[in-house]
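The structure under discussion appears below in the form of structure tokens.
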Amino acid sequence: MKINKKEIISKFKKKINQYKKYNELYFTKDNPAISDEKFDNLKQEILDLENQHKFLSKYGSIKTLVGSKLSGKFEKIAHKKRMLSLSNAFNLKDLEDFEKKIKNFLNLKDAIEFSFEPKIDGISASLRYENGKLLYGLSRGDGEFGENITQNLNTINEIPKNLIGSPNIIEVRGEVYIGKKDFEKIKGNFANPRNAAGGSLRQKNPKETAKIPLKFFAYGIGEIKPSILTKQSEVLEKLKKWGFQINQHCKIMKNLKEVEKTHSNLEGIRSSLDYDLDGVVLKVNNLNLQDRLGSTSNSPRWAIAYKFSSVKALSRIRNIAIQVGRTGAITPVAKIDPVTVGGVVVSNATLHNEDEIIRKDIRVGDFVTIQRAGDVIPQVLSVDKTKRNEKNKKFIFPDKCLCGFPTKKEISTSTKKVDAVRRCTRGYECQYIAREKLKHFVSKEALNIEGLGKKVVDNFWDLNLIKRPSDVFFLDYKKISKLEGWGKLSIENLRKAIDKAREISLQRFIFSIGIRHIGQENAKILANFFKNSKKFSELFYPKKRKSILENLDDLDGIGETQVRSLDSFFSNKKNCDIVKKLILSIKVKDFKKTSKSGIFSNKSIMFTGGFEKMSRSEAKALAEENGAKILGSVSKKLNCLVIGNSKPTKKKIEKAKTLKVELIYEDEWYKLLNR
Ligand code: IVH
């Protein structure tokens, strides 16, 4: 077959331009325009063209474009200790709440010492050293698994390849970055130093990485054996001794006032530093306390990111639109004249809810201040009423959902107050909610289907390719292959990602269905209770459901709100049909007990009364660490009742005695756990 050279050249040019555009979008915003798969496929298509037709080299080459992002071809390695993210604080009040929570958890009255560290805006990496030698280096990845980017990390001079006098095993964690001055020299396609660092670290060719002057600040450790350190400040000192760069602004702080002052001083000199900072990280300095505090699903309880103040800009509201979330929450969104806030173009800003609009008296046509802080959704901060046109009318909040059905403001079961948020309560019956539920279903924390991002879901929804969760497993790939942007390779990748998701843990499955008030933690508790999907399916049948829900009340963490929500979800026929069909389309794996083989392994325990040396939350976390299942009421199923010295409930003790439940008093509890 005679090849048409002209056509190939024009195809090549078009694709390379597309690639440049997406590449830039990816590095400029944190919200890439296309999925990773599509991006990689595009890259592969260009590479194929280049390899097949040597004459194309005249028209450029993808190989010379720096900043190609991860191709998905790096080997994945499990982090021995998860790489968590941090929750954010924006003001002193947030910091005080953080400290209060820590003190409550530890049941501590004494002041807490903190390690204050600049939050370098780069890319995190974890370096594993065994017997003093750098074994491998990983990217953060999804926090559980990182990508093996050793070769690229090896090009960084500030990363020592050998450590002298270090423990046998040590994982050093830190931030890879590019100095601002160096960045000016290599800028190219990149919007900022962070993106340049990320792009170079993920080059497939280490020679390309070596051309970029990457640097490294160490800020912590993962696994360490033997464990010789007791304070975060000591960690930093030792890291320095072993040859790492430690940021010079790291300090020990005795109180939050000092933190506030140093934070604002640092913000003042921020622009004179040769690296980008987006705030500071505050860590409990004592490693033993860090250990006791542990972490929630995504972030440690012992650290927080205290961001620098947010960025503001002025704009004008063109319209107020309504968005429906997956829980039916109706959120008003201001459509504003596009404005750049801190380097990002913003054209939507949240107005939170009806009360907020009334309180701030926000109207269409108003001139407003927009605020964007970190990765938080931009919001309308205030209205400049002096500039208001008298004709701007008050916004009448619709009392109907976009689906046309009336919305409700619920009354909270715990506070008995009327909720500020209006909701559509039709669940999957409302197409707007159903679409959002689908997005949740395929999201990272649920089925984790790469390549089925929000935009793709919207697209597939509009084309009637998916309407219910189970449809994901019966996609019409023929139809998809006719859509723009879907080549052979991207379809194959999508198919693979979906096939991978066909087998799912019970815990993820429960979370993915999107039952209100059932988040990741509750889904885990429920999975532990139901053990398998067969038992879980009993919720479909009213009588069985009733008795199950009565038992659920016993589970610690599951309260009236969750029980009601489960009841209302499974009382709805459509919901049941959707879940039934889903169970038939996938394989839900039985719950695997991950509980440690500790002294309470296979035992159910309950607490009554307060403890002197620890809070109830810490006691619970500790018991779970040691294999216990925590119950919330005394019944025959209970093995031990743990009784704190402060105000235990007599009735519970009496009942436990009659049921011959083992009693553990506070002193004995400490002894059992070596505390
Ligand atoms: S501590 C669980 N310390 O911030 C502890 N992180 O949002 C998390 N970062 O992924 C890490 N400077 O990339 C820590 N001094 C510092 C840091 C720092 C920058 C980054 C790091 C992390 C992200 C968390």
Side-chain angles (χ1 to χ4, degrees), residues 30 79-90 94 98 102 114-127 137-147 149 153 156 158-159 171-179 192-195 197-198 201-202 214-224 229 231-240 244-253 259 262-263 266-267 270 273-287 289-308 373-376:
D30 241 353
H79 293 295
K80 292 288 181 308
K81 247 189 169 181
R82 274 201 307 150
M83 281 183 91
L84 298 162
S85 48
L86 292 169
S87 44
N88 292 329
F90 294 101
D94 294 346
F98 165 68
I102 290 176
F114 291 107
S115 170
F116 171 103
E117 305 168 15
K119 187 170 184 297
I120 318 292
D121 197 9
I123 304 290
S124 53
S126 179
L127 311 164
L138 306 179
S139 68
R140 180 177 180 272
D142 62 4
E144 304 254 3
F145 288 87
E147 291 135 330
I149 49 166
L153 290 167
I156 304 177
E158 290 186 354
I159 293 184
E171 281 174 1
V172 177
R173 294 186 170 169
E175 203 77 353
V176 176
Y177 71 99
I178 298 184
N192 56 46
R194 179 179 193 274
N195 295 328
L201 259 192
R202 297 168 136 213
L214 294 171
K215 292 183 174 169
F216 185 78
F217 272 129
Y219 57 63
I221 48 173
E223 192 177 29
I224 172 166
L229 304 164
K231 286 184 173 179
Q232 167 66 12
S233 46
E234 237 175 78
V235 169
L236 298 180
E237 274 165 31
K238 282 280 188 232
L239 288 171
K240 193 168 178 186
F244 290 96
Q245 297 297 316
I246 302 302
N247 189 280
Q248 57 165 338
H249 298 283
C250 294
K251 283 190 187 101
I252 297 175
M253 304 257 144
V259 171
T262 323
H263 176 266
L266 195 59
E267 186 166 12
R270 181 183 179 193
L273 301 173
D274 190 40
Y275 39 83
D276 278 332
L277 295 184
D278 61 344
V280 305
V281 183
L282 207 58
K283 300 173 184 172
V284 169
N285 199 27
N286 182 318
L287 297 186
L289 293 186
Q290 283 191 7
D291 221 38
R292 281 177 61 188
L293 285 159
S295 53
T296 61
S297 331
N298 300 314
S299 48
R301 293 193 188 88
W302 46 264
I304 199 158
Y306 184 13
K307 295 289 181 87
F308 287 139
D375 25 20
V376 183

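As the structure lists them, so they are numbered: ligands from 1, and atoms in each ligand from 1. Each residue takes its place number in the sequence, starting with 1.
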| How far apart are the C-alpha atoms of Ser299 and Leu86, what are their side-chain angles, what is the distance that settles it, and do they pass the side chain to side chain contact (heavy atoms under 4.5 Å, CB included) test? | CA-CA 5 Å; Ser299 48; Leu86 292 169; 5.5 Å; no
N/O to N/O under 3.5 Å, ligand 1 against protein:
{"unit_1": "ligand 1", "atom_1": "3 (N)", "unit_2": "Lys283", "atom_2": "NZ", "d": "3.0"}
{"unit_1": "ligand 1", "atom_1": "4 (O)", "unit_2": "Lys119", "atom_2": "NZ", "d": "3.3"}
{"unit_1": "ligand 1", "atom_1": "12 (N)", "unit_2": "Ile120", "atom_2": "N", "d": "3.2"}
{"unit_1": "ligand 1", "atom_1": "13 (O)", "unit_2": "Glu175", "atom_2": "OE1", "d": "2.6"}
{"unit_1": "ligand 1", "atom_1": "13 (O)", "unit_2": "Glu175", "atom_2": "OE2", "d": "3.2"}
{"unit_1": "ligand 1", "atom_1": "15 (N)", "unit_2": "Glu117", "atom_2": "OE1", "d": "3.0"}
{"unit_1": "ligand 1", "atom_1": "15 (N)", "unit_2": "Pro118", "atom_2": "O", "d": "3.4"}

| request: Only counting residues at least two apart or in another chain, list the ones meeting side chain to side chain donor-acceptor pair (under 3.5 Å) with Glu171. | output: Arg128, Arg173
| With Glu175, which residues qualify under salt bridge (Lys or Arg N to Asp or Glu O under 4.0 Å), at least two apart? | none
| task | Can you label the angle between the Phe244 ring and the Phe216 ring as parallel, tilted or perpendicular, going by 30° and 60°? | result | tilted
| query | Which is it for Leu287 and Gln290 under the side chain to side chain contact (heavy atoms under 4.5 Å, CB included) test, yes or no, and what are the steps along the way? | reply | CA-CA 5 Å; Leu287 297 186; Gln290 283 191 7; 3.6 Å; yes
| Got a sec, which residues hit side chain to side chain donor-acceptor pair (under 3.5 Å) with Ser124, two or more places apart in sequence or on another chain? | none
